[in-house]
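We count residues from 1, following the sequence as given. What you see below is based on every heavy atom in this structure, not just the backbone, and it leaves out hydrogens, waters and symmetry mates.
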Amino acid sequence: MNDQMNPLVQFSPVAGHIVVESVPGEANKTLEQENDVHAGNGADRAMFCYAPKSGCPDPKQTQVLMVLRNDSSEGSAAECMRRLGLDTLAEKEHFLLLFPNPTEQGWNYNNNATRENDMDYLVRCFGVLRGSKLGVNGFNGMVFYIADSPEASAMLTTLAALRPLNVPAMMVSSLPEGYRLPEGALGIETAAWSSDPLVTEYLLKANGESCTDAEHAGIVVHYGKNPACRLITTQRPTDAEAVHLAWDRLFSQTRRWQNDVYGHYQHRTAFTERGFIAHVNDTSLGVNGNYPHTWYEYIPPQLRENREKVPLVFYFHGVNCVPLYGAEQSNWQDIADRENLIVVFPAPARSKCWNIFDLPALPSDMDFVLALIEHMKQVHPIDENRIYATGFSMGGAMTHALASTYPEIFGAAGACNAFATFFMDADPAKMLQGFIRDISPEELGHVCVSADRAKKKKEKNDLLMPMIQNAGAVDDLMLHWPVPADPTTMAAKSLAWWKEFDHIPRKPFFDAESGTGLAADATIRCGDGRYTVQKWYNKEVSADVPLLQLTVAANMPHAIDPIQIEWVWEFVRHFARGKDGKLIITE
């Protein structure tokens with residue numbers, strides 16, 4: 001998606017040229033959280049790549065287009081790029097182009113076990129971008145495919161049928177005569193452009209057709225059970241005009257998050273069109289020595305002339321991410337439209353890494369947030385009693401740190417895929433040394449300043465802080481559920497911290513039958529059993545509204561499920577702060 005709010009920050013040293021890139025047979029085992037790939041090993045191969053001279057956005061916002069053809073020469077890649085107008089389109093839309101090379105036997109679309117597994121190879125093609133000579137990278141949920149031959153169409157159809165998680169969207173045409181869907185086709189929804197009857201029939205069933213757009217430019221758009229997953233059917237040939245249409249109507253509007261067995265489609269956000277307000281390297285807050293801070297504000301249309309005070313929500317993105325990625329990840333802007341609230345998406349001061357420890361050697365992200373609250377109160381009608389902190393991964397750790405340190409300011413908080421122990425127990429220099437490389441560990445320090453403040457706030461024993469914790473059951477970066485009956489694990493220590501903070505009875509603590517390993521006042525399973533929701537109450541405050549809640553999503557790695565963000569709002573909306581900082585339960 002070419003949106004001017006996504007700044008162009010990636011510039012390839014070989015931009016504007018087709019270059020060959022090796023694709024080792026041994027899969028890259030180095031994981032990049034939220035953007036990793038998983039593929040089997042195979043033969044050493046190669047592909048051709050192209051990065052636009054105009055540049056690309058942040059890797060988490062950059063799209064990748066793979067074009068499958070029957071030839072493996074550089075000349076065929078160049079001819080294909082010119083014929084389909086991909087060089088011009090890449091310069092305009094700022095995406096990367098990859099041209100995977102078939103073997104001498106052609107594409108293994110029949111998934112013949114005696115031949116090279118091309119499904120693994122295609123996944124490895126994306127996996128080698130990080131650290132490649134191209135010097136730029138993209139996001140695994142926006143790897144789109146174009147088939148430039150019947151055999152390539154068959155290869156992509158097989159990939160979508162057997163490994164749909166690896167196919168955010170594809171453009172296929174006529175299949176080879178005699179092609180059949182592979183045995184074991186999963187029937188999982190996949191966004192696609194199809195001019196082949198077999199592919200169309202398969203995806204209409206897999207996607208669950210519910211409505212269509214009227215035919216336009218020779219294409220019909222089908223919206224399935226998930227409207228963000230589109231199927232476009234047409235009789236048009238695959239030429240430059242069709243590719244441009246596919247980009248506008250399909251690829252630019254598609255993102256498939258890898259947050260379940262087969263992922264989840266969410267619509268892309270047109271930030272400029274939606275009316276996001278960008279503050280990039282803004283020194284007007286007068287904080288951290290007039291340090292240039294970046295943040296994005298979203299005010300729903302119906303609130304832009306409104307003077308009635310409304311809630312304010314902060315969403316802190318994960319490490320190595322950017323605020324607009326966080327907006328698309330969380331969908332807080334959609335909740336804001338529906339619930340009449342304002343959302344702020346800040347960026348850390350340094351290295352896409354939150355200063356959760358409030359180390360004096362770095363600009364204070366906490367002071368930044370406090371100054372940002374004052375700014376928002378001055379320029380928008382903010383209900384200062386209803387300010388909430390939310391975030392993911394390291395942004396979730398930032399949420400824990402802020403909520404613990406400033407419970408008198410935030411009405412409630414929601415942390416996703418991070419625990420309080422991330423700022424309470426970690427060695428700051430050790431945790432940050434991989435991100436902050438121009439400051440020595442000795443200068444960074446080993447004492448967590450924010451933890452000391454948080455402990456003093458908890459010891460005062462007069463401020464409660466409602467917290468909802470979201471987690472994935474197979475999050476390799478954090479921990480797997482159920483947790484063992486061990487009080488030293490991060491989940492147990494984080495739960496104990498918030499139980500003590502909110503004056504919730506510590507015991508019973510563990511329950512091997514609960515699904516999470518933790519004992520709770522209430523345990524609920526919902527979403528066909530995918531989600532385990534646990535609640536804890538301070539019954540002196542309320543017997544009906546929990547002060548502590550946990551949701552664990554089965555099959556979810558280090559990611560977010562959109563419904564968990566909805567649950568964050570449903571939780572925090574019950575709480576406000578009085579002028580004395582005391583907690584108020586609003587309903």
Report task. State, with a plain yes or no, whether a side-chain heavy atom of Gln266 is found less than 4.5 Å away from one of Arg255. Result ->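 A side-chain contact under 4.5 Å is absent here.
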**Report entry** NE2-CG distance between His558 and Leu477, expressed to the nearest 0.5 angstrom
**Finding:** 4.5 Å
Query raised in the report: Is a side-chain N or O of Asp260 found less than 3.5 angstrom from the main chain of Tyr262, in a donor-acceptor match?
Result: no
Query raised in the report: Could you give all pairs that pass the salt bridge (Lys or Arg N to Asp or Glu O under 4.0 Å) test and reach residues 212-226, with sequence neighbours left out?
Result: Asp213-Arg249
Requested in this report: Would you check, one step at a time, whether the test side-chain contact (heavy atoms from CB on, under 4.5 Å) holds for Trp107 with Leu159?
Outcome: CA-CA 11 Å; Trp107 294 111; Leu159 182 65; over 6 Å; no
Query raised in the report: Hey, does Leu8 have a side-chain heavy atom less than 4.5 Å from the side chain of Cys56?
Result: no
Query raised in the report: Can you list the steps and then say if Phe316 with Met394 is a side-chain contact (heavy atoms from CB on, under 4.5 Å)?
Result: CA-CA 8 Å; Phe316 303 101; Met394 197 173 194; over 6 Å; no
Query raised in the report: CD of Glu201: more than 12 outside heavy atoms within 6.0 angstrom?
Result: no
Query raised in the report: Just checking, is any N or O donor in the side chain of Glu93 or Ser252 under 3.5 Å from an acceptor N or O on the other one?
Result: no
**Report entry** Main-chain N/O of Met5 paired to Asp3 side chain as donor or acceptor, under 3.5 Å
**Finding:**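 Yes, because the side chain of Asp3 sits within donor-acceptor range (under 3.5 Å) of the backbone of Met5.
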Query raised in the report: Heavy-atom distance under 4.5 Å between the side chains of Pro562 and Asn259, does that happen here?
Result: yes
Query - Flag side-chain contact, heavy atom, 4.5 Å: Trp295 against Ile277 - result: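 They are not in contact (no side-chain heavy atoms under 4.5 Å apart), so the answer is no.
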**Report entry** Arg83 (side chain) donor-acceptor with Ala78 (main chain) under 3.5 angstrom
**Finding:**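 Side chain of Arg83 to backbone of Ala78: no pair is present.
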**Report entry** Pair Asn470, Thr551: side-chain N/O donor-acceptor within cut-off below 3.5 Å
**Finding:**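 Yes.
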**Report entry** Distance in Å, Asn70 CG paired with Asn101 CG, rounded so as to fall on 0.5 Å steps
**Finding:**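 Rounded to the nearest 0.5 Å, the CG-CG separation comes out at 11.5 Å.
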Report summary line: Here the ring-ring contact (aromatic ring centres under 6.0 Å, His included) pairs for residues 124-168, sequence neighbours left out, are Phe139-Trp257, Phe139-Tyr325, Phe144-Phe251
Query raised in the report: Which pairs pass salt bridge (Lys or Arg N to Asp or Glu O under 4.0 Å) with one or both residues in residues 551-563, sequence neighbours excluded?
Result: Arg530-Asp561
Report task. Would you confirm whether Thr390, through its side chain, and Phe314, through its main-chain N or O, come within 3.5 Å as a donor-acceptor pair? Result ->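 Looks like yes, one N/O pair under 3.5 Å.
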Query raised in the report: Under the side-chain contact (heavy atoms from CB on, under 4.5 Å) test, which residues partner Asp71, sequence neighbours left out?
Result: Ser73, Ser76
Query - Pairwise salt bridge (Lys or Arg N to Asp or Glu O under 4.0 Å) hits with a residue in residues 230-246, at least two apart - result: Arg236-Glu241
**Report entry** Arg82 side chain reached by Asp87 side chain, heavy atoms, under 4.5 Å
**Finding:**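 Asp87 vs Arg82: side chains touch.
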Report task. From the options Val19, Ile18, Leu96, Leu97, select the one residue that forms a side chain to side chain contact (heavy atoms under 4.5 Å, CB included) with Cys49. Result ->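 Exactly one pass, corresponding to Val19.
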Query - Heavy-atom donor-acceptor pair, Tyr109 side chain to Ala152 backbone, under 3.5 Å - result: no
Show the atom names and distances, to 0.1 Å, of all donor-acceptor pairs under 3.5 Å that link a side chain in residues 168-186 to residues at least two apart or in another chain.
| residue | atom | partner | partner atom | Å |
| --- | --- | --- | --- | --- |
| Ser173 | OG | Ser153 | OG | 3.4 |
| Tyr179 | OH | Thr158 | N | 3.4 |
| Tyr179 | OH | Thr158 | OG1 | 2.8 |

Query raised in the report: Would Trp332 and Phe345 count as a ring pair (Phe, Tyr, Trp, His ring centres under 6.0 Å) if you check the C-alpha gap in whole Å, the side-chain angles of each, and the deciding distance to 0.1 Å?
Result: CA-CA 9 Å; Trp332 266 114; Phe345 302 94; 8.4 Å; no
Query raised in the report: If you take all heavy atoms of Gly40 and Asp120, which pair is closest and at what distance?
Result: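 Minimum heavy-atom contact is N-OD1, 2.9 Å.
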Report task. Give a yes or no on whether the backbone of Ala327 and the side-chain of Gln333 come within a donor-acceptor separation of less than 3.5 Å. Result -> yes
Report task. With sequence neighbours excluded, give me every salt bridge (Lys or Arg N to Asp or Glu O under 4.0 Å) pair touching residues 40-68. Result -> Arg45-Glu116, Arg45-Asp118, Asp58-Lys352
Query raised in the report: Are the side chain of Asn35 and the backbone of Asn140 linked by a donor-acceptor contact shorter than 3.5 Å?
Result: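 Confirmed, Asn35 side chain pairs with Asn140 backbone.
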Requested in this report: Would you please test Ile146 and Leu86 for side-chain contact (heavy atoms from CB on, under 4.5 Å) and show each step?
Outcome: CA-CA 11 Å; Ile146 293 178; Leu86 293 171; 4.3 Å; yes
**Report entry** Partners meeting side-chain contact (heavy atoms from CB on, under 4.5 Å) with Ala415 (sequence neighbours left out)
**Finding:**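 Per chain and number, Ala415 pairs via side-chain contact (heavy atoms from CB on, under 4.5 Å) with Thr399, His400, Met467, Gln469.
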Requested in this report: For Pro237 and Ala242, work out which heavy atoms get closest and say how close.
Outcome: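 Closest approach of Pro237 to Ala242: O-CB, 3.3 Å.
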**Report entry** Main-chain N/O of Glu91 paired with Ser54 side-chain donor or acceptor, under 3.5 Å
**Finding:**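 A pair under 3.5 Å: yes.
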Report task. Drop me the distance from Gln258's CD to Asn166's CG, to the nearest 0.5 angstrom. Result ->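 Nearest 0.5 Å value for the CD-CG distance: 6.5 Å.
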Query - Phe271 ring center within less than 6.0 Å of Phe276 ring center - result: yes
Query - Heavy-atom donor-acceptor pair, Glu189 side chain to Ala206 backbone, under 3.5 Å - result: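 Not a single qualifying donor-acceptor pair exists.
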Query raised in the report: What residues form a ring pair (Phe, Tyr, Trp, His ring centres under 6.0 Å) with Trp193, not counting sequence neighbours?
Result: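 Ring pair (Phe, Tyr, Trp, His ring centres under 6.0 Å) list for Trp193, sorted by chain: empty.
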Query - Validation row: His94, Gln10 side chains within 4.5 angstrom (heavy atoms) - result: no
Query - Validation row: Arg124, Glu26 side chains within 4.5 angstrom (heavy atoms) - result: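 No, too far: nothing below the 4.5 Å cut-off.
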Query - Any donor-acceptor N/O pair, Trp354 side chain to His317 backbone, under 3.5 Å - result: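 Yes, the answer is positive, given that a donor and an acceptor are paired below the 3.5 Å cut-off.
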Report task. Can you sort out the partners of Thr88 under side-chain contact (heavy atoms from CB on, under 4.5 Å), two or more places apart, ordered by chain and number? Result ->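 Testing Thr88 for side-chain contact (heavy atoms from CB on, under 4.5 Å), a comparison that skips the adjacent residues, returns none.
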Report task. Can you measure from OG1 (Thr532) to CG (Leu550) and round to the nearest 0.5 angstrom? Result ->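 Here the interatomic distance stands at 8.5 Å.
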Query raised in the report: Is any side-chain heavy atom of Ile335 less than 4.5 Å from a side-chain heavy atom of Glu566?
Result: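 The answer is yes; the side chains approach within 4.5 Å.
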Query raised in the report: So, His267 versus Asp334: side-chain donor-acceptor pair below 3.5 Å or not?
Result: yes
Query - side chain to side chain donor-acceptor pair (under 3.5 Å): pairs with one or both residues in residues 127-138, sequence neighbours excluded - result: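 For residues 127-138, and leaving out neighbouring residues, the side chain to side chain donor-acceptor pair (under 3.5 Å) pairs sorted by first residue read Glu32-Arg130.
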**Report entry** Minimum-distance pair of heavy atoms, taken over all atoms of Asn417 and Ala559
**Finding:**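 That would be OD1-O, 3.0 Å.
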Query raised in the report: How would you list, by chain and number, every residue that makes a side-chain contact (heavy atoms from CB on, under 4.5 Å) with Thr200, sequence neighbours excluded?
Result: Ser194, Leu204, Thr233
Query raised in the report: When rounded to the nearest 0.5 angstrom, what distance separates CZ in Phe99 from CD in Glu21?
Result: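 Interatomic distance, Phe99 CZ to Glu21 CD, rounded to 0.5 Å: 14.5 Å.
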Query raised in the report: Say you draw a straight line from OG1 of Thr103 to CG of Asn108; how long is it, rounded to the nearest 0.5 Å?
Result: 7.5 Å
**Report entry** Closest contact, heavy atoms only, Met142 versus Thr62
**Finding:**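 Distance-wise, the nearest heavy atoms are CE-O, 3.8 Å.
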Query raised in the report: Side chains of Tyr531 and Gln564: is there a donor and an acceptor less than 3.5 Å apart?
Result: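 The criterion, which ignores hydrogens and geometry beyond distance, is not satisfied for Gln564 and Tyr531.
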Report task. Could you tell me if the ring centre of Phe95 sits under 6.0 Å from that of Trp247? Result ->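 Distance test on ring centres: under 6.0 Å, yes.
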